[in-house]
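By convention in this document, chain letters (A, B, ...) are assigned in the order of the sequence lines, proteins followed by strands, and residues within each chain are numbered from 1. It should be emphasised that the depicted structure is a prediction, and the values quoted were computed from it without experimental measurement.
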Amino acid sequence: MKLATWNVNSLGARLPLVLEWMEANAPDILCMQETKLADDAFPSGAFAELGYESAHHGDGRWNGVAIASRVGLEDPASGLGSEEDVHGCRLLAATCAGIRVHSVYVPNGRSLDSEQYRFKLDWLARLRAYLAEHNTPEGDVAVCGDFNVAPDDADVWDPAAFVGATHVSEPERRALQEILDWGLEDTFRRFHPEGGIFSWWDYRAGNFHKGMGMRIDLVLLSKSLAARAVSAEIDRDARKKSPRGNKPSDHTVVLVELD
DNA sequence: ATGGTTGCGAAGCAA
């Protein structure tokens with residue numbers, strides 16, 4: 001069972017690359033973020049042609065989350081509640097092969113003195129409360145997506161360059177840790193404790209080719225699922241222009257394989 | 001080096 005997450009940075013712009021990647025890599029479940037689509041523009045037919053059921057939560061230009069699954073997709077539920085809807089569509093859950101899968105797009109935060117930063121911290125706290133309300137840590141729970149938080153300095157190309165910036169601040173990392181403490185594991189970390197492997201690189205200034213990235217896209221698994229994990233990888237190739245010439249997102253794919 | 005790029009949508013914002 002292959003479970004993947006990918007911030008696609010506009011599914012409208014990225015659909016050819018996403019389909020190309022799915023055909024080549026055959027994930028069983030793919031969580032997507034930043035689709036930037038309204039629900040009525042979501043290309044469910046294109047996923048169906050590849051054998052995937054899908055669900056989407058989006059209202060247009062910003063944000064938007066989706067799940068595609070070829071192992072079933074039941075009981076979709078979107079949003080954290082009415083307050084979240086004011087700030088866009090950032091959470092979609094569905095049950096796939098008995099796993100409660102969550103596709104999440106955590107607010108960026110912009111800067112430490114921004115109102116958006118406070119919103120980011122609040123949103124992470126509400127995500128933890130949502131997980132506790134709707135799930136038990138003894139169940140098969142996966143929380144996948146763009147967390148916009150690098151869990152550790154080893155997940156940042158140059159920690160010194162991020163002093164005073166978002167994604168690495170102590171309150172953000174604490175808010176992420178509180179989600180983990182509910183009963184989830186950052187599975188990639190277990191397989192790659194050394195760090196220095198990234199999931200996002202700024203489009204600008206050739207950062208990708210210079211290795212200037214961060215690991216902010218995570219697959220968090222409950223204990224029962226973590227015990228089934230046999231590998232966790234980041235597909236760096238999907239951050240490059242594809243063999244068919246499709247342009248990449250600024251994020252790439254995180255892929256976990258379960259027994 | 002305070003730059004640089006992409007997406008949306010048609011100027012400027014968000015990332």
Nucleotide of B:dT5, B:dC8, B:dA15 approaching A:Asn108 most closely (side-chain heavy atoms): B:dA15
Taking B:dC8, B:dC13, B:dA15 as options, the one with an atom nearest any side-chain atom of A:Trp62 is B:dC13
Rounding to a whole Å, what distance do you find between A:Trp201:CH2 and B:dT6:P? 16 Å
So does A:Lys247 get a side-chain nitrogen or oxygen closer than 4.0 Å to the phosphate oxygens (OP1/OP2) of B:dG7? yes
Please state how far atom NE2 in A:His167 lies from atom C1' in B:dA14, giving the value in whole angstrom units. 12 Å
Quick check: are there more than 12 heavy atoms from other residues, nucleotides or ligands sitting under 6.0 Å from CZ of A:Arg118? no
Nearest heavy-atom neighbours spanning A:Gln33 and A:Gly145: NE2-CA, 3.4 Å
Whole-Å distance between B:dA15 P and A:Arg90 CZ? 7 Å
Round to the nearest Å and state the distance from A:Met212 atom CE to B:dA1 atom P. 14 Å
Does A:Trp200 or A:Pro248 map to a spot on DNA chain B nearer the 5' end, using the closest nucleotide for each? A:Pro248
A:Phe119 CZ - B:dA14 P separation (whole Å): 14 Å
Of the candidates B:dA15, B:dA1, B:dG9, the side chain of A:Glu34 sits closest to B:dA15
Verify the distance criterion only: is there a donor paired with an acceptor across the side chains of A:Trp21 and A:Asp235 at less than 3.5 Å? yes
A:Tyr105 side-chain proximity, nearest of B:dA15, B:dT6, B:dC8: B:dA15
Which is more 5' along DNA chain B, the nucleotide nearest A:Asp250 or the one nearest A:Asn9? Just name the residue. A:Asn9
Taking the P atom in each of B:dG9 and B:dA15, what is the distance between them to the nearest angstrom? 15 Å
Angle class for the A:Phe188/A:His192 ring planes (parallel below 30°, perpendicular above 60°, tilted otherwise)? parallel
Whole angstrom is fine here: how far is it from NZ in A:Lys120 over to P in B:dA14? 16 Å
Mind checking the C1' distance from B:dA1 to B:dA11? Whole angstroms is fine. 27 Å
With respect to the phosphate group of B:dG7, does any side-chain polar atom (N or O) of A:Arg14 fall under 4.0 Å of OP1 or OP2? yes
If I take atom CZ in residue A:Phe208 and atom P in nucleotide B:dT6, what distance separates them, rounded to the nearest angstrom? 13 Å
Counting only heavy atoms from other residues, nucleotides and ligands, does the tally under 6.0 Å from CD of A:Glu115 exceed 12? no
When you get a sec, tell me which of B:dG12, B:dA1, B:dA15 is the closest nucleotide to the side chain of A:Arg110? B:dA15
So which nucleotide from B:dG4, B:dT6, B:dA15 ends up closest to the side chain of A:Ala205? B:dG4
Given B:dT6, is OP1 or OP2 found less than 4.0 Å from the side-chain N or O atoms of A:Arg204? no
How far apart are the C-alpha atoms of A:Asn135 and A:His102, what are their side-chain angles, what is the distance that settles it, and do they pass the side-chain contact (heavy atoms from CB on, under 4.5 Å) test? CA-CA 11 Å; A:Asn135 305 273; A:His102 303 75; 3.6 Å; yes
Quote, to the nearest angstrom, the P distance that separates B:dG7 from B:dG3. 23 Å
Could you state the atom-to-atom distance from CD of A:Gln116 to P of B:dA14 in whole Å? 8 Å
